[in-house]
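Chain letters run A, B, ... following the sequence lines, proteins first and then strands; every chain starts at 1.
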Amino acid sequence: MPRIIIDGRPIDCREDISVLQAALDAGGDVPHYCYHPGLSIVASCRLCLMEMKVPNPRTQEPDWSPKLLPACQTPVRDGMEVRFHSERVRENQRSCMEFFLLNHPLDCPVCDQSGECWLQDYSFKFGRAESRMIDEKCKNPKKDVGPHTLLYQDRCVMCTRCVRFTQEISGTSELCVVNRGSRCEIDAFPGKPLANPLQGNVVDLCPVGALLDKQFLFRQRVWLLTSTPSICAGCATGCAIWVDHNQGTLWRLRPRYNPGVNDWWMCDDGRFGWRYVHDGKRIAAPRVRRGSEQTTPDWAAVPQLVRFRIEEHVRRHGGATLAAVLSPFMTCEEAWLLIRVLRDKAPASTLVLGPVPTAGETRHFPVGATGNTVKFTIQAEKCPNRRGIELLLAAAGGNVLTFEQFAEQAGKGEFKGAWIVGGYPQPWVDKATAKLAAQFELLIVQDIFENDLLPGAAIVLPACAWAEREGCFVNARGLIQPFQRALNPPAGAQRDGQYLYEIAGFQGLYSGVRVRAMMAEKIPAFAQLHEPPPMPRHAH
Amino acid sequence: MAWPTIDRNQPAGDSGAAPLLSEAVREKIRSFFARYETKRAALLPALHIVQDALGHVPPQAMVEVAEVLDIAPAAVLDTASFYTHFWTHPKGAQVIVVCRGLTCEVLGGNAVLEELKRLLGIDEHGTSADGRYSLVTEDCLAGCDHGPCLLIGEKLHRRVRPEDVARILADPDNGRLAYERSTLFDAPSSAPGEPGAGNGTGGVHEKGSG
């Protein structure tokens, strides 16, 4: 482990990183635009220049070099000494900031990036208060570079992070730098817009307000948003994300640093796939049917009611005729609670993993990458927790069936009662599944949207979108990733975890952590959670 | 003020038309592949070949070059727009580049430029009505010891006086180099040390000895 001295402070750092990364890892604030740990190093912004001790050619004594060196491009070496807290470094930072702001418009009040803009922050911390530029500022036209993204060229600082992203991570190379010198601009080739499945990341990568997301544009000021750490439910990759929300409304998703899983990135399917959360057609209240009469019970009565109906069914038909279909959109905790309810009342009952939605094939990026060169993967399996449910089913033992086996046996009338959990963002009940509903005397459906199972259901419980759930998902690599609840379910609904917790006989508020602790006693795997380290405070 | 937005979702006007690059041009570009480790590296020779063949490098030609080199069209645009040598819109048969460097300026370069503008009836960046000449200026043509100078095609005219301009313009060979252009460009050989590959005989040495 190399030990370097930054501003007189000895720092033990990782091998094969740059001085800039070492300084950031140690909590230092070194301004930088072009450097990103996930991209190649170009050292073009010149904002991270530092002083380094090199041997004086006359005396061979280490002395501060007369030239400033880019910290992002200088690898750490044991015993090296650098400093950022010097007047020459400060002067360079001030000059660079002045240069970046030469043509930058003063349009922060109408700029989406305002509040999370590294020009604002660095200008405040490292820049000059005033610009000495007296000439008229250059005003470049906006560019519509793709279906989801707008480029405000006049705000650009030419860090080329976006260009390198399309070249190195997505592998699609839609963006380029046109012209030269002070006329440099980011551009896409006419008719070949930025439209790859990872393109949303360029908006996150952009340290200033140049690349903006059309869907989020002018929707919210970022300082009004609360960011909750979550796990994307779009596919089995299980990207760590931030859910940005304000007063119960989700506004955008952003990737959260998760080395080895999604690194700094996420795909557009996940990024833009959250709209169903605020769909007005969601089921928002429990329903109970006896004969032709349907009522909406009070939530306080639901646990007792559900338990009673299950007990009644077991008394009449025996526990072996009961089955539960667990959705791969449930958290492990919710699934564990449901298994507990069912196996408690009917130990011979059958557990089933619900249909696993897939779309196309698993895609690797950069395009054409295989093996070690893969930097991002979009799984074909469009659900977050198949492996978690499988893990729980294996631990539960007893009668476990696949959904196809269950459908076949149910078609023969072997089951008289079923608890079916949905929660799929897309319609999932096909005609064959809907037909099964008629087989059951007791059908409990837990779902998010109206479907053909509901008319035959004795009890309908509203399910939650992932942002309203709390617990953990097990991703395609078997990592158990916990996440927090970002939103409340729609008015009138209750969280799946809460009512399952109460149905299972617990009292008080459901907490993923508490349930996980109980699970870990039975299934040791759940003691090993994958929680990514935070990004260094001043890194971006 | 309405602020214009450039739409990159739409292809440039000339797409969908017949291919601009003939098979011979494409084959000439491919003949450069043997000289480099990657196809991408042949981009600059390719742009030269296209500009020689078409007079300029329009967007459609960039797309076709990208196909030949197996790279993204944006990568071609990136390089083509970096070098002022490459024109993305039509230019005259010959480009006159007038030096506006300090030395040429002091030695009377401005008068030469004015005379050119007067005789051709165009301003800087313009193309004469007969399509023979386009006029641009550059910061330095590296002929400071012979200023004022101007470049027509590949030929550098030195110590030009305003009264010489009419004669230079009338000369049909005013853009031809006095010495032969490097055979490295016109007849690219196979990579060194690979006898028999590419077009074989190694144009450089052959021409050099002859």
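For the residue pair A:Arg161/A:His36, the side-chain donor-acceptor check at 3.5 Å is not satisfied. With no hydrogens or angles considered, a side-chain donor-acceptor pair links B:Thr137 and B:Arg100 at under 3.5 Å.
B:Tyr83 pairs by the ring pair (Phe, Tyr, Trp, His ring centres under 6.0 Å) definition with nothing, not counting sequence neighbours.
Judged by the 6.0 Å distance and 45° axis criteria, A:Arg155 is positioned over the aromatic ring of A:Tyr152.
In plain terms, the two heavy atoms of A:Phe376 and A:Cys267 that are nearest each other are CZ-N, 3.7 Å.
Within a 6.0 Å sphere centred on CZ of A:Phe99, other residues, nucleotides and ligands contribute 12 heavy atoms or fewer.
Contact count against chain B (heavy-atom pairs under 4.5 Å) is highest for A:Lys143 among A:Lys192, A:Lys143, A:Glu174. Comparing A:Ala195, A:Cys176, A:Cys184 by how many heavy-atom pairs each has under 4.5 Å with chain B, the most go to A:Cys176. Ranked by non-hydrogen atom pairs under 4.5 Å with chain B, the options A:Asn140, A:Val177, A:Thr172 are led by A:Val177. When each of A:Leu194, A:Asn179, A:Leu175 is scored by its heavy-atom pairs under 4.5 Å with chain B, the top score falls to A:Asn179.
When heavy atoms are compared at a cutoff of 4.5 Å, A:Leu151 does not approach chain B at all.
Contacts between residues 62-69 of chain B and chain A, counted as heavy-atom pairs separated by less than 4.5 Å, involve B:Met62, B:Val63.
Classification of the A:His32-A:Tyr122 ring pair by plane angle, with boundaries at 30° and 60°, yields tilted. Note: A:Phe100 and A:Tyr33 have perpendicular aromatic rings, judged against thresholds of 30 and 60 degrees for the angle between ring planes.
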